[in-house]
Amino acid sequence: MTIYDTASKTKRAFEPITPGKATLYVCGPTVYDDAHLGHAKSALVFDLLVRTLEANGLDVTFARNITDIDDKIVKKLAEQGASLKELTEFYTDAYHRDMDALGVRRPDIEPKATESMEEMISLITTLIKKGHAYKTQEGDVYFDTQKDEKYLSISHRSQETDETQSRIKENGFKKHPADFALWKHFDEGIRYETPFSSGRPGWHTECAAMIEKHLAVEGKYAIDIHGGGADLLFPHHENEAAQHRCAKGQELAKYWMHNGFVNIDGEKMSKSLGNSFFVKDALLSYHGEVLRFYLLSTHYRSDFNFNEIDLLSAKKRLDKLYRLKKRLFGMAESDEKTPFQTQLLEALSDDLNISKGLSLLDEMISHANEAMDANPKDKIAKRQAQSNLAYVQRLLGFGEQNPFEYFQFGIAPQVKATIEELIEKRSLAKAAKDFASSDLIRDELLALDISIMDTAEGTFWEKH
RNA sequence: GGCGCCAUCGCCAAGUGGUAAGGCCGGAGCCUGCAAAGCUCCUACCCCCAGUUCGAAUCUGGGUGGCGCCUCCA
């Protein structure tokens with residue numbers, strides 16, 4: 001398996017620290033608002049990574065954190081008058097609901113910042129002790145970037161020029177403009193008591209502390225893979241890595257992975273764009289698996305331009321998988337691993353080449369249909385196809401739904417009853433060779449956005 | 001200003017030195033009472049210019065056009 005590593009800027013063979021195992025840490029959401037499509041993309045990408053690692057026989061330990069204390073949360077608390085716990089639990093639940101709908105498997109460990117305070121304080125204390133961090137007279141603690149030779153080795157930035165520096169004068173107590181806050185002193189609001197001052201941790205500290213607490217091993221690297229959105233590369237990941245390096249004398253991660261951005265209709269996502277921004281809104285109009293398929297259909301490192309036209313085109317592609325699933329309904333699967341399965345895993349194992357994988361999937365579906373068209377009783381072909389679908393479901397997370405229910409997404413129960421009545425009436429007309437009436441009923445159904453298909457097993461319908 | 005990414009069929013999107021995957025849309029056909037679905041067939045000299053090479057979408061240089069990070073951000 002190969003992985004593109006941002007730090008070395010190359011695609012490298014994945015060689016886990018401990019043979020047979022893989023540790024993965026991904027930066028999760030800050031829970032002060034609903035999850036947007038960018039959160040979804042990131043969660044989906046790393047869900048696919050976990051599945052691919054597992055399919056390669058690795059025992060994966062996957063942690064994704066919840067940031068449940070930071071300035072944005074505190075600000076929202078003040079606006080809403082809620083307690084910290086109420087607010088963060090509300091949005092954590094919402095996040096779980098949305099990601100579940102997208103078929104994203106829950107991480108093995110989901111550490112929370114508020115539950116990792118001891119580890120953060122201990123990390124900061126170590127950094128102060130080792131001379132890598134300093135306390136200002138205001139009670140803040142800063143990381144001394146100038147004392148870390150390898151600072152910026154992950155993101156490959158150059159130290160800022162004097163001219164740029166002069167523009168940054170936010171804090172006169174910092175020794176160097178690039179130094180970042182490990183601890184911010186506060187006299188009021190939500191704060192924690194520490195030996196250095198009462199206050200709150202800086203954002204970059206929590207991930208470093210949680211990795212150390214939950215995943216780290218001795219040696220050159222603490223964990224195998226660290227992932228997150230491309231925007232986190234700098235400063236977030238660079239700063240996490242610097243803290244860990246200076247405190248523990250080892251690199252934080254062996255491989256760094258960053259997923260591209262999601263834009264909406266060519267624009268960077270912003271709240272002013274409205275509805276399509278949040279996952280929960282997209283889920284009102286589209287099945288979660290359609291969104292999953294669409295968001296995963298482009299390579300993870302590319303920027304993704306979300307728009308409804310492409311989403312519909314992705315849906316049509318997924319529909320074909322479900323039509324095959326319908327066609328194979330109730331059929332047993334064969335045990336053997338087919339060439340398709342081998343090739344699909346190979347494609348995904350090449351830095352998650354999903355496009356290659358989906359082209360293989362399309363071909364597999366066509367071949368299965370072709371075989372069944374040629375010989376509807378070909379049980380071997382059917383069992384193999386069923387086995388292929390099961391493999392796709394496990395590796396890609398496509399095809400989790402009952403195929404009949406999938407095509408009924410967005411249909412209210414009363415409407416469903418009406419549809420089925422109409423189909424019943426049409427079948428009677430058809431049996432009586434009254435095609436004028438049966439075609440009229442079909443037009444009625446079409447007006448409801450329902451397509452019907454007559455098969456040997458009866459008349460099926462789909463909502464479009 | 002600093003650093004970096006991208007440009008492949010109408011649309012989405014792989015391929016990164018050996019002569020262009022796949023999907024959507026469109027066209028023709030098979031099947032069907034007619035449809036739908038499914039199947040078959042058809043549609044690209046890879047932004048421009050120069051260079052390296054037996055050979056380049058793929059490497060190098062220069063353009064042009066998009067975009068990102070550097071402040072909170074997935």
Side-chain angles (χ1 to χ4, degrees), chain A residues 6 9 11 26-30 32-33 35-46 64 67 70-72 75 152 155-161 163-164 167-168 170 178 203 227-236 238 258-263 266-270 293-294 297-305 307 309-320 323-324 326-327 347 350 353-374 407 430 433-436 438-439 442-443 445-446 450-455 459-462 464:
Chain A
T6 319
K9 294 194 193 177
K11 206 194 263 187
V26 174
C27 292
T30 302
Y32 70 108
D33 207 344
H36 59 228
L37 295 171
H39 291 110
K41 172 83 184 175
S42 176
L44 284 165
V45 163
F46 292 104
R64 185 181 57 216
T67 299
D70 92 322
D71 292 350
K72 291 189 294 292
K75 189 171 166 232
L152 304 181
S155 63
H156 304 288
R157 283 162 184 281
S158 50
Q159 285 285 2
E160 285 152 77
T161 63
E163 197 185 333
T164 339
R167 285 192 284 135
I168 304 168
E170 357 123 20
W203 174 42
D231 49 346
L232 299 181
L233 175 57
F234 186 86
H236 186 54
E238 190 70 56
H258 293 93
N259 64 275
F261 290 100
V262 178
N263 299 319
E267 306 261 338
K268 182 168 171 157
M269 230 191 281
S270 75
F293 189 97
Y294 176 47
S297 64
T298 295
H299 187 77
Y300 76 93
R301 276 188 279 125
S302 307
D303 281 352
F304 188 95
N305 186 32
N307 67 81
I309 291 171
D310 295 344
L311 172 62
L312 281 170
S313 149
K315 178 186 178 296
K316 289 183 179 174
R317 210 173 176 180
L318 181 62
D319 286 352
K320 294 201 299 189
R323 290 202 189 99
L324 176 60
K326 262 201 304 202
R327 221 176 157 178
D350 178 17
N353 188 342
I354 187 74
S355 293
K356 181 78 199 301
L358 293 182
S359 78
L360 290 165
L361 173 60
D362 288 326
E363 284 166 1
M364 184 279 283
I365 293 171
S366 284
H367 291 153
N369 279 317
E370 195 187 347
M372 281 188 281
D373 282 356
F407 284 110
K430 226 163 72 90
K433 303 246 189 259
D434 179 5
F435 296 124
S438 72
D439 288 355
R442 184 166 61 199
D443 289 343
L445 287 161
L446 227 43
I450 302 299
S451 301
I452 54 172
M453 45 257 314
D454 296 325
T455 76
T459 300
F460 296 137
W461 59 276
E462 296 180 0
H464 283 143

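So you know, we letter chains A, B, ... as the sequences are listed, proteins then strands, and number each from 1. Atoms considered below: every heavy atom in the structure, side chains included; atoms not considered: hydrogens, waters and symmetry mates. Since we're looking at a predicted model, the values are computed, not measured.
Side-chain atoms of Lys316(A) lie closest to C25(B) of the nucleotides C69(B), C25(B), G38(B). Each of A74(B), C70(B), G38(B) was ranked by its minimum atom distance to the side chain of His36(A); first place goes to A74(B).
In this structure, Gly38(A) reaches the bases: a heavy-atom distance under 4.0 Å links it to at least one base atom across the strands shown. Nucleic acid contact for Val26(A): none, since no nucleic acid atom lies under 4.0 Å from a heavy atom of the residue. Within the 4.0 angstrom heavy-atom criterion, no nucleotide atom of any strand lies near Phe460(A). Among the protein residues, Lys41(A) comes within range of no part of the nucleic acid, since none of its heavy atoms lies under 4.0 Å from any strand.
The pairing partner recorded for A74(B) is none, the criterion being a Watson-Crick or G-U wobble arrangement whose two distances lie under 3.5 angstrom. Nucleotide U53(B): unpaired (no Watson-Crick or G-U wobble partner with both distances less than 3.5 Å). Across all strands shown, G68(B) forms a Watson-Crick or G-U wobble pair, both distances under 3.5 Å, with C3(B). With both pairing distances under 3.5 Å, G26(B) is matched to C42(B) as a Watson-Crick or G-U wobble pair. With a 3.5 Å ceiling on both atom-pair distances, U19(B) lacks any Watson-Crick or G-U wobble partner.
Within the 3.5 Å criterion, the main-chain N or O of His39(A) finds no donor-acceptor partner in the side chain of Ser42(A). Remark: side-chain polar atoms of Glu462(A) are not paired, donor with acceptor, to backbone N or O of Ser451(A) under 3.5 angstrom. For the pair Tyr294(A) (side chain) and Asn307(A) (backbone), a donor-acceptor distance under 3.5 Å is present.
Rounded to whole Å, the separation between the C1' atoms of C6(B) and C47(B) comes to 12 Å. Going from the C1' atom of G18(B) to that of U58(B) covers 11 Å, rounded to whole Å. Here, C24(B) and G61(B) have their C1' atoms 38 Å apart, quoted to the whole Å. Taking atom C1' in both U53(B) and C59(B), the straight-line distance is 10 Å, to the nearest Å. A13(B) sits 24 Å from G27(B) when the P atoms are compared, rounded to a whole Å. Across the C1' atoms, A74(B) and G66(B) are found 22 Å apart, a figure rounded to whole Å. Distance check on atom C1': A57(B) versus C45(B) gives 10 Å, rounded to whole Å. Using P as the reference atom, A35(B) and G29(B) are 11 Å apart when rounded to the nearest Å.
Between the CZ atom of Arg301(A) and the C1' atom of C69(B) there is a distance of 17 Å, given to the nearest Å. When rounded to the nearest whole Å, the span between NE2 of His367(A) and P of G22(B) equals 10 Å. U71(B) atom C1' lies 12 Å from atom CZ of Arg157(A), rounded to whole Å. With rounding to whole Å, Asp373(A) atom CG is found 15 Å from G29(B) atom C1'. Between the C1' atom of C70(B) and the NE2 atom of His258(A) lies a distance of 15 Å, rounded to the nearest Å. We find that CG of Asn259(A) is positioned 16 Å from P of G68(B), with the value rounded to whole Å. Computed from coordinates, the Phe293(A) CZ to G22(B) C1' distance equals 10 Å when rounded to whole Å. The distance from atom CZ of Phe261(A) to atom C1' of G66(B) is 16 Å, rounded to the nearest whole Å.
Side-chain contact between Tyr300(A) and Ile354(A): absent, with no pair of heavy atoms (C-beta onward) separated by less than 4.5 Å. In this structure, the side chains of Leu324(A) and Met372(A) come closer than 4.5 Å at one or more pairs of heavy atoms. At least one side-chain heavy atom of Phe304(A) sits less than 4.5 Å from a side-chain heavy atom of Lys41(A). Residues Asn369(A) and Lys320(A) form no side-chain contact, since every pair of their non-hydrogen atoms from C-beta on lies 4.5 Å or further apart.
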Query - Contact letters for nucleotides 4-18 of chain B, in which S counts primed atoms plus P, OP1 and OP2 and B counts the base, heavy atoms under 4.0 Å - result: -------SSSSS---

Query raised in the report: Base, backbone or nothing for each nucleotide of nucleotides 32-37 of chain B, written B, S, -, heavy atoms under 4.0 angstrom, 5' to 3'?
Result: -BBBBS

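Ion pairing between Arg327(A) and Asp373(A) holds under the 4.0 Å rule for side-chain N and carboxylate O. Between Lys315(A) and Asp319(A) there is a salt bridge, since at least one side-chain N of the basic residue sits less than 4.0 Å from a carboxylate O of the acidic one. Using a 4.0 Å cut-off between charged nitrogen and carboxylate oxygen, Lys11(A) and Asp350(A) count as a salt-bridge pair.
The shortest non-hydrogen separation linking Asn305(A) to Asp310(A) is O-OD2, 4.1 Å.
Nearest-nucleotide positions on RNA chain B place Leu360(A) closer to the 5' end than the other of Asn369(A) and Leu360(A).
In this structure, the ring-ring contact (aromatic ring centres under 6.0 Å, His included) partners of Phe460(A), at least two apart in sequence or on a different chain, are Phe404(A).
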